[in-house]
Amino acid sequence: MSVALVTGASRGIGRAIARRLASDGFDLFLVARDEAHLSEVVSEVKSTGRRAVASGVDLALTDAPERIHSGFVTVFDHLDVLVNNAGVAISREFGEYEAGDWDAVMNVNARSPFFLTQLLLPLLRQASPGFIVNIASVVAKKGYELQSLYAASKHALLGFTKSLAREMVNEDIRVHAILPGGVNTEMVTGVRPDIDTSGLIGPEEVAEVVANLLKMRGNAVIDEVEIRRRAKTPWA
Ligand SMILES: NC(=O)c1ccc[n+]([C@@H]2O[C@H](COP(=O)([O-])OP(=O)(O)OC[C@H]3O[C@@H](n4cnc5c(N)ncnc54)[C@H](OP(=O)(O)O)[C@@H]3O)[C@@H](O)[C@H]2O)c1
C-alpha cells in the first residue's frame with residue numbers, strides 16, 4: 001500500500017490533502033503542532049479504512065526534521081509521497097521585522113522542508129515512483145507589500161524545488177511545486193480579516209491538484225502548477 005507524509009495536516013490545505021489522499025487509498029503520516037486537531041484528522045482518515053499516524057512536531061525547531069524522520073521510520077518502512085505543506089505567514093512593514101521573525105518563518109517554510117526532504121530521500125528512492133510536492137505560493141515568484149519575509153521564504157522553497165527536480169531527473173522521483181493564490185484558510189483570514197472569502201480557492205481544490213499530480217506516472221511531468229482565483233487576471 002502507498003504511504004504519504006503530509007506536514008501542516010491539522011487544518012487548511014494540509015488537512016484537505018490528507019483527506020483526499022486517504023480517499024485515494026494512501027496511508028498517512030500527519031505532522032503539525034496541534035495534536036487535538038491532528039487526532040481529528042486521524043479519525044477522518046481511519047473512517048476511510050486507511051491507516052493514519054499523527055506526529056506532533058514544531059517545524060520551527062531546528063531538530064524538527066530529525067524528530068519527524070525518527071517518528072516516521074518507527075511506524076512505516078516505506079514512503080511514496082512527501083507533501084511539504086506546513087507554512088506560516090507574518091505580514092508587516094519591512095522595517096519592523098526582527099531576527100526572531102526570520103527564524104520563525106524561514107524554519108517552517110524553508111529550512112524544515114529542505115532537511116526533511118533530505119532525510120526522507122533514501123526512502124523515496126525506494127518508491128516507484130516517489131513524489132515530493134512542495135506547497136509554495138504565488139508569492140514564490142512575486143513580491144507583495146508587507147510580505148517581504150513570507151516572500152523570501154517561498155522564493156527559497158521554490159528555488160530548492162527547482163534544483164532538486166533537476167538533481168532527480170534521472171531517478172524515479174518527481175518533484176513538484178504548487179503555487180496557489182488566495183485559499184480559504186485561517187492563514188488568509190488571519191492576515192486579512194476583511195477579505196471576502198467567497199472568491200477564495202477552496203483547500204479541497206488544491207488537494208485535487210495534488211491528487212491529480214500523483215496519478216501521473218507516465219512520461220509526462222508537470223513541474224509546477226500555478227492556481228489563481230477565478231476572478232484574478234490570468235497570466236498576471
Ligand atoms: N491560504 C493561502 O492563501 C495560501 C496560498 C498559497 C500558499 N499557501 C501555503 O499553503 C500551505 C498551507 O497553508 P494554509 O493556508 O492551509 O494555512 P493554515 O490554515 O494556517 O495551516 C497551516 C498548517 O501548517 C501548520 N504549521 C504552521 N506552523 C507550524 C509549525 N511551527 N510546526 C508544525 N506545523 C506548523 C499548521 O499546524 P499547527 O498550527 O497545528 O502546527 C497548519 O496545519 C502553507 O505553506 C502556505 O504558505 C497558502
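Reckoned from all heavy atoms, side chains included, excluding hydrogens, waters and symmetry mates. Quick note: residue numbers are just sequence positions, from 1. When a ligand or atom number is given, it counts from 1 through the structure's own listing order. Since we're looking at a predicted model, the values are computed, not measured.
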Novice: I'd like to know if R11 and E186 make a salt bridge, using a cut-off of under 4.0 Å between side-chain N and carboxylate O.
Specialist: yes
Novice: Using a 6.0 Å distance limit plus a 45 degree cone around the ring axis, check whether R51 lies over the aromatic ring of F76.
Specialist: yes
Novice: Show me a pair-per-line table, with atom names and distances to 0.1 Å, of protein N or O atoms that are under 3.5 Å from an N or O of ligand 1.
Specialist:
unit_1, atom_1, unit_2, atom_2, d
ligand 1, 1 (N), V183, O, 3.4
ligand 1, 1 (N), T185, OG1, 3.1
ligand 1, 3 (O), V183, N, 2.7
ligand 1, 15 (O), T185, OG1, 2.5
ligand 1, 16 (O), I13, N, 2.8
ligand 1, 19 (O), R11, NH1, 3.4
ligand 1, 20 (O), R11, NH1, 2.6
ligand 1, 21 (O), R11, NH1, 3.3
ligand 1, 28 (N), R33, NH2, 3.3
ligand 1, 31 (N), D58, OD1, 2.8
ligand 1, 32 (N), L59, N, 2.7
ligand 1, 37 (O), S10, OG, 2.9
ligand 1, 39 (O), R11, NH2, 2.7
ligand 1, 39 (O), R33, NH2, 2.9
ligand 1, 40 (O), S10, OG, 2.8
ligand 1, 40 (O), R33, N, 3.4
ligand 1, 40 (O), D34, N, 2.9
ligand 1, 41 (O), R33, N, 2.8
ligand 1, 41 (O), R33, NE, 2.7
ligand 1, 41 (O), R33, NH2, 3.4
ligand 1, 43 (O), G8, O, 3.0
ligand 1, 43 (O), S10, N, 3.3
ligand 1, 43 (O), S10, OG, 2.8
ligand 1, 45 (O), N85, O, 2.7
ligand 1, 45 (O), K154, NZ, 2.8
ligand 1, 47 (O), Y150, OH, 2.5
ligand 1, 47 (O), K154, NZ, 3.0

Novice: Who pairs with R125 by side-chain hydrogen bond (donor to acceptor under 3.5 Å, both in side chains), at least two apart in sequence or on another chain?
Specialist: E171
Novice: Got a sec, which residues hit side-chain hydrogen bond (donor to acceptor under 3.5 Å, both in side chains) with T117, two or more places apart in sequence or on another chain?
Specialist: N84
Novice: Indicate whether any N or O donor in one side chain lies under 3.5 Å from an N or O acceptor in the other, for N85 and T7.
Specialist: no
Novice: My understanding is that a hydrophobic cluster links ILVMFWY residues whose side chain heavy atoms are under 4.5 Å apart, including indirect links. Using that, what else belongs to the cluster containing Y144?
Specialist: V138, V139, Y150, M187
